[in-house]
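One structure is given below, encoded as structure tokens.
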Amino acid sequence: MSTGHFQEFEDEYLETMYEFYEKDPELRVRTGSLAESLKISPASATEMVQRLASKGFLDYVPYKGSSLTTKGLEHGKMMKRRH
């Protein structure tokens, strides 16, 4: 799998996270909800959430869910605007 493909995936995740954020800025998004939104398996969602957290886009707390960091918020907003 190429990095380009991953990047696309990450963008999609961040955009989806941003949509959750727009509905409720205080909400921690559960990985299951994210998986459902993106129509992927919870395992894939968890893997990507951890990857994005390691890159500083998300604040991830196991069993509690994740929220966007300032960096993630900016990126998500940018993705949303692009579409």
Spacing of [atom1] belonging to [X] relative to [atom2] belonging to [Y], to within rounding of 0.5 Å:
X   : Y   : atom1 : atom2 : answer
Y13 : S66 : OH    : OG    : 10.0 Å
T69 : K55 : OG1   : NZ    : 13.0 Å
D59 : K64 : CG    : NZ    : 12.5 Å
E15 : E19 : CD    : CD    : 5.5 Å
M17 : F57 : CE    : CZ    : 12.5 Å
E12 : T16 : CD    : OG1   : 6.0 Å

Original post:
Would a 4.5 Å heavy-atom cut-off, applied to side chains only, mark H75 and K71 as touching?
Top reply: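 The answer is no, as the side chains (C-beta and beyond) never meet within the 4.5 Å cut-off.
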Original post:
Are the side chains of L14 and K80 in touch, meaning some heavy atoms are under 4.5 Å apart?
Top reply: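 Counting from C-beta outward, L14 and K80 never come under 4.5 Å.
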What is the minimum heavy-atom distance between [X] and [Y], and which atoms define it?
X   : Y   : answer
T31 : P42 : CG2-O, 3.9 Å
A53 : Y60 : CB-CB, 3.9 Å
F20 : L34 : CE1-CD1, 4.1 Å

**OP:** May I ask whether M79 and V29 are part of the same hydrophobic cluster, defined by side-chain heavy atoms of I, L, V, M, F, W, Y residues being less than 4.5 angstrom apart, directly or through others?
**Re:**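 Different hydrophobic clusters.
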Subject >> Greater than 12 external heavy atoms within 6.0 Å of E36's CD >> reply: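 No, the 6.0 Å shell around CD holds no more than 12 heavy atoms from other groups.
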**OP:** Inspect the surroundings of OH in Y21 and state if more than 12 heavy atoms from other residues, nucleotides or ligands are less than 6.0 Å away.
**Re:**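 Incorrect, the count does not exceed 12.
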**OP:** Kindly say whether G76 contributes a backbone atom to a donor-acceptor pair with the side chain of R81 at under 3.5 angstrom?
**Re:**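 Not confirmed, R81 side chain does not pair with G76 backbone.
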